[in-house]
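Take a look at the structure set out below.
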Amino acid sequence: MPPPTSAAPVGPAAAQPQPLVPRTDGPEPLPQPVGPGSTGPVFNQSGEKGVQAYNYNLYLHGDYVARNEVPPTDPELRAAADDRFVPPRNAEQWKAAHEAAAESGVVVLNAPAGTGRRTQALRLLRDLGVRRLEELVPEWSKVSTGPLPKDGGCGFVLDLSSPSGAFEDRFADRLAAHGRELRAMDSCLVVLTTPDDWDGKLADGTAGFTVWPESPDARPLVRAELRARGASDRVNWLDEAALKAVWSGNPPVGEVRRLADLVAKAANRDELAEKVGEFTNWPTVVDGLLQKGEAAGPDAVLAIRATVWAGALLDGARRSSVLRAGDMLQERLGRERSPIQVLSDATGASRLRAAGLESDGERVHHATRNPGLAMAILRNLCTEFPNQQDEIRGWAVAVVSDRNIPEADARIAARTLRNLAVERRDRAVLDALAEAPPSRRPLTVETFTEAAGDPEIGRYLQARLLQWVSNSRTDENKVDMAIELCGGAWGQRHPLLALTRLNKAAGRKERELGTEQVRRAFRNLVTARPEEVRTALRQWLKDPKVWSDPKLERQVLASFLAVISSDEGADLVLAEARDPAARALVVKAWQGLLTLEDGEEPGLDQLRRWSDRFEQHDAHRDAVQALFVDVLAPRGYRAFFDRVLIDGSGAVNPFWRETLRRTGESVEPSEETGAP
C-alpha cells in the first residue's frame, strides 16, 4: 500500500541529494541508440510542432528502445524550471524519490495519469545533476531491461503505463540490478507507471525504489502557470470567492492547467465566475438537467437523461441523430419498448426541450452561452457513473458505427470521444473506437491520427499499432486500420515507426502476400518519405538474420513486393540498383520473392509489369534489363524466363528475348511453353 500522504508543500530544496555529476551549461551530443543487434544509420524524426523528435533505428526483430533527447522547448521540461515548478503536495514522497534515485539509480513514480508524473520525473533528474535528459521509447514484444541504455551522465524517463507487452521473468530484480549499473555511471532511470499497471510481484519487488507522488497543490500551480503565460496581473484574482471551492478540492495537474488557461483568457473579474463555472463543469446546471422527469418515474428520467447525454456526444448534430442516439442508449441499458409504448412516449421535440437542447434549424446543441457545457455533461457522466464506463463507451462507439447516422454527425461523436480520451488520458476510449466496423474506418483512422498529436496518447497508439500487427490473433479489421494509419498522415509524420509496422503487417501469414491495401500504404510513404523507405529496404535486406528466419524473410520480401508494385516504388528500387552497394541486395530480394512459397506469382506479375512499363523507356530500358539479367541468369532462376518469355498471344516478347540473349542463352522456347 502507498505510504500515508502529507499536504505540506515542499520546495526543490526540501530534498538535497548529492548530485550524481556536475551540471553543465549545455547537453552533450546524443549517443547512438543501443539494443541487441542494432545496425544501420540513425535518423532524427520530428513530430508535430517539433515536440517529439525521436532517434529511431529501423529495427526489425527482437526488442529495441529508441532514445529521444528531451529538447529545451519541451513544455513539461519548462514546467520543471526553478521559477515554475511546484512539487507534489506529499513532501515525504518527493524526498523519498530523490533518495531512491540517488541510492538505487532507478526510481518508479507510481501515480495516476494527469498527476504531473513526467514533469516531476524531469525535475527529479535535473535535481540529480545529469548532463543529458532522454526519453526512452520502446519497441518490444516483452518488457525487459536488456535493451535499456547504459550511458554515463544520463537521466532516462521510461513510461510503462499500459505496457505494450508482458514483463520478463524477474523483471523487478533485473530493474534493480540495472539501476545499480546506472548509479555507478552517474546516471538514473525514472519509470512512470500507474497503480493499475504496477501491482503484485512487480510492486513487491520494486518497493525499495517506488514512490507515490501526488499532484501539486492547486493554488501555487495556477499562480506559476499564470506567470508562465504572461498573465501575472491575474494572480490576485485567485483570492476571488468563486475559486474557494476549487482550492478546497485540490484538482490534479491536468485540470489545474485547464483552469489557469481559463483564468488567463477571462476578459475581466466579472467574466471570471463564468470561467470558473466552465471549469467546475456547471454542476448545478448539469444536475438540474439530469433530475428532470423524476416526478414521472424512472422511465421518464432515463429517457431525458439519455437525450441529455446523446446531445452532449453529438453537440451540433441533426436532431434525428440525437434522438436516435438517445434511443440506442436506452435499448443498450435494457429498456425494451413495444411499438405502442414508443408512440406513447414523449415526442422528440419535448424530449429535446426537456434535455435543455436548443435548435438551430435541423441541428441541436446545448446552451450556446456555455460553449463547454456538452463536454461538462460527459465529464459528469464519467465521474458519476464509474461502474458503467464499458457500457457508455460501447454505446458511443455504436453511435459512431451506426450507418443510419450521417457521417458528418458520426464525425462529431468521434471527435468528442477523441477529446474526452485526450483530456482524461482514457486509453480505453481509443480501444473501443478500434472496434468500429470497416464501413467507418476512414473516420476512425482520422480520429486516431488527430488523437496521436497528444504525446501520451500518441505513445499509446504507437504501442497499440505494434501489438495489432505483431499478434497473429488480432482481428484483421484492426490490422487493416493499422495499415491505413501507417500509410496516412500519421505514418508520413512518423515514417520509421510506420515502416516497422507495415513490414510486420505485410508479412502476416494470415494475409495474402501483396494486398492492394499494403501496396497503397507503401506507395504513400515512398511518395512522401522516399529516403526513409530507401534506407529501410537497405537495412532490412542486408540483415543476415532476415535470411535465416522464415518469418522475417517473408516480412521483408512482402514489403519489397509492396514497394516495387507502384511506379514510385519501382523508380526508387531501380535507382538503388544503380548503386553497386545496394544492387546485390535488390537482386537477392527479387530472387527471394520468386522462390518464396506464395511469392512466385506476384513476383512474376511484377516482372511483366516492369517490362511493359520500361520496354519503350529509352532512359531506363537498358538498366532494367541488366537488373533482370542479374536476377535470372543464375541456373536456379533461368526457368522463370519460360514464364515471361511468351506473351498472351503466344509470341516471343521482344523485351524478354533481348534480356535472355544478354544472359548468353539462345532464344529457344522450352517444351513447357508450347510455343512454335
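Keep in mind that the numbers below use all heavy atoms, side chains included, and drop hydrogens, waters and symmetry copies. Residue numbers count from 1 along this sequence.
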Are [X] and [Y] ion-paired here, with the side-chain N under 4.0 Å from a carboxylate O?
X: Asp426; Y: Arg393; value: yes
X: Arg501; Y: Glu139; value: yes
X: Lys265; Y: Glu271; value: no
X: Arg227; Y: Asp83; value: no
X: Arg324; Y: Asp409; value: no
X: Arg351; Y: Asp327; value: yes

Just by distance, with hydrogens left out, do [X] and [Y] show a side-chain donor and acceptor under 3.5 Å apart?
X: Arg464; Y: Gln467; value: yes
X: Asp287; Y: Gln291; value: yes
X: Tyr460; Y: Asp431; value: yes
X: Arg508; Y: Thr474; value: no
X: Asn250; Y: Arg219; value: no
X: Thr194; Y: Asp197; value: yes

Donor-acceptor contact below 3.5 Å, side chain [X] vs main chain [Y]:
X: Gln517; Y: Glu484; answer: no
X: Arg519; Y: Ala562; answer: no
X: Ser470; Y: Leu466; answer: yes
X: Glu255; Y: Pro251; answer: no
X: Asn110; Y: Trp212; answer: no
X: Asp315; Y: Met375; answer: no
X: Arg425; Y: Val422; answer: yes
X: Arg89; Y: Pro216; answer: yes

Minimal non-hydrogen separation, Gly316 against His365, with atom names
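So the minimum-distance heavy-atom pair works out to N-CB, 3.8 Å.
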Heavy-atom closest contact (Arg123 atom, Ala80 atom, distance)
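The answer is NH1-O, 2.9 Å.
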Which word best sums up how the rings of Trp468 and Phe448 line up, parallel for under 30°, tilted for 30 to 60°, or perpendicular for over 60°?
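Geometry flag for Phe448 against Trp468: tilted rings.
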Just wondering, do Arg118 and Leu122 contact through their side chains at under 4.5 Å, heavy atoms?
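They are in side-chain contact.
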Flag yes if more than 12 heavy atoms outside Glu358 fall under 6.0 Å of its CD atom; otherwise flag no.
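Atom CD in Glu358 is crowded, with more than 12 foreign heavy atoms closer than 6.0 Å.
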